[in-house]
Structure formats: C-alpha cells, structure tokens
Chemist: 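If you scroll down you'll find the structure; I have some questions about it.
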Amino acid sequence: MNSRILFHSILLTLQYGAQPLVSKRFTSQQVIVTSSVLTCEIAKVICALILMAKEGSLKKLSKEWTLLGSLTASGLPAVIYALQNSLLQISYRNLDSLTFSILNQTKIFFTALFTYILLRQRQSIQQIGALFLLIMAAVLISIGEGTAKSSGSGNPEQILFYGIVPVLVASVLSGLASALCQWASQVKKHSSYVMTIEMSIVGSLCLLASTFKSPDGEAIRRHGFFYGWTPLTSIPVIFNALGGILVGLVTSKAGGVRKGFVIVSALLVTALLQFIFEGKPPSSYCLVALPLVISSISIYQKYPYRVKKKEA
C-alpha cells in the first residue's frame with residue numbers, strides 16, 4: 001500500500017469515527033433525514049467537481065463521458081446501495097441493536113467473496129484468517145455497543161423475515177456493490193470522482209422518488225426542505241460528503257476489503273472520541289477488540305496472496 005492510499009485510509013478512518021459525534025452535536029432532532037442526505041449528495045458532487053477541476057480532468061470528462069458507460073459503471077452500484085439502505089431500515093426496526101450489528105458485519109465476508117468472483121482477487125490463508133479476526137473484532141465492538149440497547153423478544157417469524165433476512169440480504173448487496181465499484185475503477189478505469197458524482201445523482205433521484213410516499217416527503221411538503229436546520233447543520237453534512245469522496249478513493253485504489261478494515265477501525269476511533277468528549281469509557285469488549293483489529297490489519301498487509309511458480 002503506497003503512502004497516498006495509506007493517507008486516504010487514515011483520513012477515512014478518522015472521518016468515519018468522528019461522524020457519529022459530529023452529527024449528534026450539530027444536527028437537531030427536528031432535521032428531516034432526507035433533506036440532510038440529499039444535501040450531502042449535492043455537496044459530494046460539488047466537492048468532486050472542484051477536485052476534478054483542480055487536477056484538470058473536467059475537459060477530458062466532457063469528451064469521454066457516455067450515458068451507457070455511466071450506467072454500467074455507477075448506475076447498478078447506486079441502485080444496489082439504495083436497496084441495501086432500505087433493507088437496513090426495515091431490519092433495524094425489527095431486530096435488537098446487538099443482533100443487527102453482528103449480522104451487519106458479514107458484509108466484510110461478502111465483499112471478499114465478490115471481489116474474488118468479479119476480479120479474481122484471491123486471499124492468502126493468512127489474509128482469510130485476518131478477515132475472521134476482523135469480523136470477530138467487529139462483533140465484539142457491536143456487543144459492547146448493543147448490550148445496553150437490546151430489546152425484548154418479539155414475534156419469531158417477524159424477526160426472521162423482517163429482521164434477519166433483510167440485514168443478511170443487505171450484507172450481500174453491500175459486498176456486491178463494493179466489488180462492482182472496485183471493478184469499475186480498476187478494470188473499466190472509471191475515475192473515482194466521476195463514480196462519486198454519478199452515484200450521488202442516481203442515489204438522489206431514487207431518494208427523490210421515494211419522497212412521494214415516504215413520511216419524510218410528507219414532512220418536507222408540510223414544513224419545508226430545511227426544517228430544523230441551523231448554520232451548524234452544514235458541518236456534519238460537508239464532513240459526510242468529504243467522507244464519501246474518500247470512500248471512492250479508498251475503494252478504487254485499495255479495494256473494498258481494505259475499506260472493511262477502515263470501517264471497523266473507525267468503530268474504535270468512535271469509542272475513543274466518546275471517551276474524550278463525552279466521558280463514556282470504552283467497554284471491555286472494545287478493549288479486547290483493539291488488539292484483534294491491529295493484528296488483523298498487520299497480518300493482512302504482511303501476507304498477501306502470491307501466485308505459486310510452476311515447477312519446470
């Protein structure tokens with residue numbers, strides 16, 4: 001991993017880790033979720049265009065961009081991510097936080113599976129072991145965060161079909177979308193900035209379509225798009241938009257599997273920041289997970305898959 005990819009990965013880890021605290025501090029409960037998400041997508045497009053203009057690739061884009069190429073590279077992942085988010089919302093309403101968080105970590109495994117299927121990106125035995133260590137760490141962190149939030153038991157059939165099944169399908173879709181983004185950037189040579197712009201536009205169109213029937217759409221029509229906003233609300237929105245740019249860069253250069261390491265590492269950053277700014281000490285599960293995350297990252301980087309040379 002070169003120094004630029006490492007730098008982007010560290011920035012993304014910090015952004016992911018700090019985002020929950022920044023959003024909690026600067027976003028009012030009255031803010032309509034759809035309005036903040038749509039504004040974030042617009043901010044992503046603006047940031048990506050500025051960065052493209054800075055590197056001088058906007059003129060090249062105007063000559064080479066095609067609708068078919070855009071739909072092939074970014075349209076499908078954007079629709080998959082939109083469907084994934086809807087499934088996660090359904091699941092979260094029907095599962096306790098602990099079960100939801102544990103099952104949601106399986107997306108790391110599915111990302112590795114789909115990168116192998118689409119890109120033939122193999123993992124060494126040591127790297128497979130590192131992935132399991134990472135999943136164990138994510139589960140431990142989730143247990144620490146979710147134990148206090150666990151709810152009582154409900155209808156078993158409702159939990160299975162509206163809780164467990166949606167989150168598992170969402171994990172499969174997350175892995176597929178991540179692998180497709182990596183395929184588009186590494187095989188089709190699609191710029192990460194262009195993909196960010198295209199996926200933001202497609203995602204925004206899907207979200208706008210949902211407002212015709214959703215409670216958020218009704219709230220926007222009743223109270224206005226920026227209901228509950230203050231000047232400070234733009235801070236988490238812009239912060240999240242910059243994170244979206246970094247996600248594209250890390251996925252295109254380092255791959256979806258390594259992005260999984262970033263996300264789990266960010267959970268530890270969140271725990272640390274909660275301790276520093278809110279006085280909430282990290283759980284014992286989080287402290288156990290820390291060496292697991294460090295070990296998994298070290299092993300994954302140290303033992304890449306190597307093609308065996310054929311004997312003469």
Chemist: Does atom CZ (Phe26) have a neighbourhood of more than 12 heavy atoms from anything else shown, all under 6.0 Å?
Modeler: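 Correct, the count exceeds 12.
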Chemist: Can a side-chain donor-acceptor contact be found between Gln30 and His223 if the only test is distance below 3.5 angstrom?
Modeler: no
Chemist: Quick check for you: to the nearest 0.5 Å, what is the distance between Lys54 atom NZ and Leu49 atom CG?
Modeler: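 It is 15.0 Å, given to the nearest 0.5 Å.
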Chemist: Do Val293 and Phe261 touch side chain to side chain, with heavy atoms closer than 4.5 Å?
Modeler: no
Chemist: I need the Ile128 CD1 to Ile299 CD1 distance, nearest 0.5 Å.
Modeler: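 With rounding to 0.5 Å, CD1 (Ile128) is 13.0 Å from CD1 (Ile299).
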Chemist: Whether the Ser171 and Thr106 side chains hold a donor-acceptor pair (N or O, under 3.5 Å, no angle test) is what I'd like checked.
Modeler: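 Their side chains do contain a donor-acceptor pair, which is all the 3.5 Å distance test asks for.
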Chemist: Looking at Arg25, I'd like to know if its CZ atom is crowded, meaning that more than 12 non-hydrogen atoms belonging to other residues, nucleotides or ligands lie closer than 6.0 Å.
Modeler: no
Chemist: Verify the cluster assignment for Leu249 and Ile238: are they in a single hydrophobic cluster under the rule of side-chain heavy atoms below 4.5 Å apart?
Modeler: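 No, it is not one cluster - the side chains of Leu249 and Ile238 are not joined through contacts under 4.5 Å.
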Chemist: May I ask you to check whether over 12 heavy atoms, not counting those of Phe239, lie within 6.0 Å of atom CZ?
Modeler: yes
Chemist: Using the rule that Ile, Leu, Val, Met, Phe, Trp and Tyr join whenever any side-chain heavy atoms are under 4.5 Å apart, tell me whether Tyr81 and Leu88 fall into a single cluster.
Modeler: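 Cluster IDs for Tyr81 and Leu88 differ.
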Chemist: Any chance CD1 of Ile276 has more than 12 other-residue heavy atoms, nucleotides or ligands included, within less than 6.0 Å?
Modeler: yes
Chemist: Could you go through Ser74 and Glu198, starting from their C-alpha distance and side-chain angles, then the distance that decides it, and tell me whether this counts as side-chain hydrogen bond (donor to acceptor under 3.5 Å, both in side chains)?
Modeler: CA-CA 6 Å; Ser74 305; Glu198 293 169 343; 2.5 Å; yes
Chemist: For residues Gln182 and Thr251, is any side-chain donor paired with an opposing acceptor at under 3.5 Å?
Modeler: no
Chemist: With a cutoff of under 4.5 Å between side-chain heavy atoms, which Ile, Leu, Val, Met, Phe, Trp and Tyr residues group with Val37?
Modeler: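 Besides Val37, the hydrophobic cluster comprises Val31, Ile32, Val33, Leu38, Leu207, Leu208, Ile220, Phe225, Phe226, Tyr227, Trp229, Val237, listed by chain and residue number.
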Chemist: Just to verify, what does Arg222 make a salt bridge (Lys or Arg N to Asp or Glu O under 4.0 Å) with, not counting sequence neighbours?
Modeler: Glu218
Chemist: Will you find, in the side chains of Tyr300 and Gln123, an N or O donor that is under 3.5 Å from an N or O acceptor?
Modeler: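 Side-chain D/A pair, Tyr300 to Gln123: present.
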Chemist: If I take atom OG from residue Ser191 and atom CD from residue Glu55, how far apart are they, to the nearest 0.5 angstrom?
Modeler: 6.5 Å
Chemist: Give, for atom CG of Leu87 and atom OG of Ser174, the distance between the pair rounded to the nearest 0.5 Å.
Modeler: 11.5 Å
Chemist: Would you check if Tyr16 and Val247 make a side-chain contact, meaning some heavy-atom pair closer than 4.5 Å?
Modeler: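 Counting from C-beta outward, Tyr16 and Val247 do come under 4.5 Å.
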